Amino acid sequence: MGGIVGILSYDKIWNISKFLKYSLMGLQHRGYSNTSVAILNEKILKSDSNLAPEDFEINDEGWAGIGYTGSRQNKLYLFDQMAITIDGITKETPEEISKIILKDPENLKNVKGAFSLIALTKEGEIIAYRDDSGLKPLALGGFGFDMGIIASEMTGIIVIGGDFRREIKPGELVLMNKYNIETKQLVEPKSSYCSIEYIYQSRIDSYVNGKPIYDLRIKIGEELAEERKIDADTVIGVPETALPFALGYSRKTGIPMNLGFTRTGSPIRTMLASDDFLKIVGVQLKLNPIKSAVFGQRVILIDDSMVTGTTLKNTVYNLRRLGAKEVHVLIGSPKLISYCPYEVEVPPSNELIAANLSDEEVSRVIGADSIYWLSLEGLYKVIGNKNLCVGCMVGKYPKVI
Ligand code: SF4
């Protein structure tokens, strides 16, 4: 998982380094354990780190730049003529892609994969392309008459005070230089949008593929309420992603919603943590339960997904420790049963709890009174679009390579 950004100022007096850093911070919910930037002044200078954007100080100055934040290392490449960063997978190597761009950026339509990319040439041009599958998002914006911005999600634009203009369409090319921005639809979109983007990957203040994420997540909660009725005293969402699910469930059923947790430190995406110890420590730090909200209560606990079950097991344990009488777990996504080949961190099926255990067994393992996952039909209904990749939920994938 990752977020990419490109910023080009129309006047060389600007130094875009700080804009790039804060824009990457607006994307770090997509993955934050590596940050890379390439900045153009007289030449392109690249720097990498295994820090999140908020901890990474960019020392280079320049009037155009690109950046990457995410869970992978080496996703921003520097060649003689350009720097390039890619969110997703491609059949061609980054170097081959850079040569394709040099020859004619329109030939990007022939690159196979599931990706969005942003390149910065040493002449000061930014080239961006979202492949026709649409599996990876990409948005276009600007900063008044001063800068053009391209980012994985609109949050990379709006957090720095930029204007979000629109999403780049699958199969669309953007060429940006000091004088103008040109866009070209190179191929017809095939549009197999990643359903995980809607469920938990994108930030709640984003629009993805034309859908407002916040509204959509409330609808997921309402759909869960229709699919699964539970006699309980309170609904609690696991922060941050599942809060709108809980709100939707509460509105639909009339069961009051409570804030069950408070957090220590900055958001830690525990499912991205690299080992069990970090996962457990991450849970404790991220989610400190509030005793008075759960003591003696029959709790409906809603989370966005269940991968290995480790995180939820700890969360349920913490609720019980503080006196919750019952804990019923609802998951705002269908069961994850298979890996993601397109660089979203969904591990192989042997690590996915829902692929290996029955519902009763999962309940027992995580210590819950019951467990329920959103149905696939429910997901289609809420998103209102059948052009979805649901590969990790069904084990069949759109063909991209
Ligand atoms: S397999 Fe799952 S995570 Fe991967 S692109 Fe498809 S829906 Fe998204």
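What you are looking at is a predicted structure, and each value in this text was computed from that prediction instead of being measured. Note that ligands are numbered from 1 as they come in the structure, with each ligand's atoms numbered from 1 the same way.
Distance alone, capped at 3.5 Å, is enough to place a donor-acceptor pair between the N314 side chain and the T310 backbone. Panel note: side chain Y200, backbone E197; no donor-acceptor pair is recorded below 3.5 Å.
With sequence neighbours excluded, no residue forms a side chain to side chain donor-acceptor pair (under 3.5 Å) with Q297. Under the ring-ring contact (aromatic ring centres under 6.0 Å, His included) criterion, Y339 pairs with Y397, sequence neighbours left out.
Contact residues of ligand 1 (protein heavy atom closer than 4.0 angstrom to a ligand atom; sorted by chain and number): L135, C194, S195, I196, C340, Y342, V344, C389, G391, C392, Y397.
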Going by atom type alone, with no hydrogens or angles, which donor-acceptor pairs under 3.5 Å involve a side-chain atom of residues 365-374 and a protein atom two or more places apart or on another chain?
from : atom 1 : to   : atom 2 : distance (Å)
D369 : OD2    : R320 : NH2    : 2.8
D369 : OD2    : V327 : N      : 2.7
S370 : OG     : H328 : ND1    : 2.7
Y372 : OH     : E227 : OE1    : 2.7

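A distance of 6.0 Å or more separates the ring centres of Y10 and W63.
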